[in-house]
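Heads up: the structure comes next, in structure tokens.
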Amino acid sequence: MSMLTAAVRTAAHARGARLLHPRGRTFTGALTTFGTRGHRWGAALLDEPGVHPAVVRVSKGAPTPAGWPDVLGLAIRLPQPGGDVDLLLSSCTAVPVLRHLPWPRRDFGGRYGTLLAYRAGRRRVFLATQPEPGLGSTLDAVVRAAAGPGIQLPLVAASRWGSWRSFAVLRFGPALDAGADAALAFDPIANAAPDLAPVGLVQRLRQPVYRASQQGRGR
């Protein structure tokens, strides 16, 4: 692990930017939660109605040219009384067997999912967005869409093989400046809700890699 984190730190320092998802745009927004009718997951964010201010980042996973297929990212930060909660989602499919894998695509309006599991109560749960056609295939197109009527993404949750159930809507509007985007440093492990915790070996490996990347770029 020490060799991996050292390599990540060096690569991020050499680039002077994020090692993964280096190109992105950041927006202010809000997450409106309403729970799932007739079902409780065991986590307040999924079960309890409320409106949560949000910072939203839309990004490309690798520095590919604009409009090329890529693993696209959707990062959500929810400032909470007990500390920030960060949720990281990547482009994926809805197919149960494949929805836990990153899925390269051009269209920013497709589905995003957490890919890896969270524990809510006694079960494992995955989070995703429903597709929102018309966002385009470039970050500039997303910025234009957000500057108009704003962007609205329904959020859904599911067990490993279960069907998706709606629990929230994410809305975000005009983009913040490049400085605000560069200053953000998401950490889905350290910034997890106490009742919605990341689980699994891959999740545990993410934190030292994220920290190394942040240290390398001076964040």
Pairs involving residues 146-162, ordered by first then second residue, that meet side-chain hydrogen bond (donor to acceptor under 3.5 Å, both in side chains) (sequence neighbours left out) | Gln152-Arg171

Applying ring-ring contact (aromatic ring centres under 6.0 Å, His included) to Phe172 and not counting sequence neighbours gives Phe27

Identify, with sequence neighbours excluded, every residue that meets ring-ring contact (aromatic ring centres under 6.0 Å, His included) alongside Trp41.
-> His39

Does [X] sit in a hydrophobic cluster with other residues, and if so which ones, taking ILVMFWY side chains as linked at heavy-atom separations under 4.5 Å, directly or through other members?
X: Phe34; answer: Val169
X: Phe126; answer: Val156, Trp164
X: Trp68; answer: none

Taking all non-hydrogen atoms of both residues, which atom of Arg23 and which atom of Thr64 are closest, and how far apart?
-> NH1-O, 2.9 Å

Identify the heavy atoms of Arg111 and Ala128 that sit nearest to each other, and give their distance.
-> NH1-CB, 4.3 Å

Determine whether a donor-acceptor pair (N or O, by modelled atom type, separation under 3.5 Å) exists between the side chain of [X] and the backbone of [Y].
X: Arg122; Y: Gly42; result: no
X: Ser59; Y: Gly24; result: no
X: Arg165; Y: Ala157; result: no

Look at Arg25 together with Asp181 and state whether they make a salt bridge at an N to O cut-off of under 4.0 Å.
-> no

Mind jotting down which residue pairs meet the salt bridge (Lys or Arg N to Asp or Glu O under 4.0 Å) criterion with at least one end in residues 27-39? Sequence neighbours excluded, please.
-> none

Residues in side chain to side chain contact (heavy atoms under 4.5 Å, CB included) with [X], at least two apart?
X: Ala192; answer: Pro198
X: Leu176; answer: Thr26, Thr28, Ala180
X: Leu196; answer: Ala43, Leu45, Leu46, Tyr118, Ala120, Val125, Leu127, Ala193
X: Pro102; answer: Val71, Leu115

Sequence neighbours left out, cut at 3.5 Å: what donor-acceptor pairs do the side chains of residues 74-84 make with other protein atoms?
| from | atom 1 | to | atom 2 | distance (Å) |
| --- | --- | --- | --- | --- |
| Arg77 | NE | Asp86 | OD1 | 2.8 |
| Arg77 | NH2 | Asp86 | OD2 | 2.8 |
| Arg77 | NH2 | Ala185 | O | 2.8 |
| Gln80 | NE2 | His52 | ND1 | 3.3 |

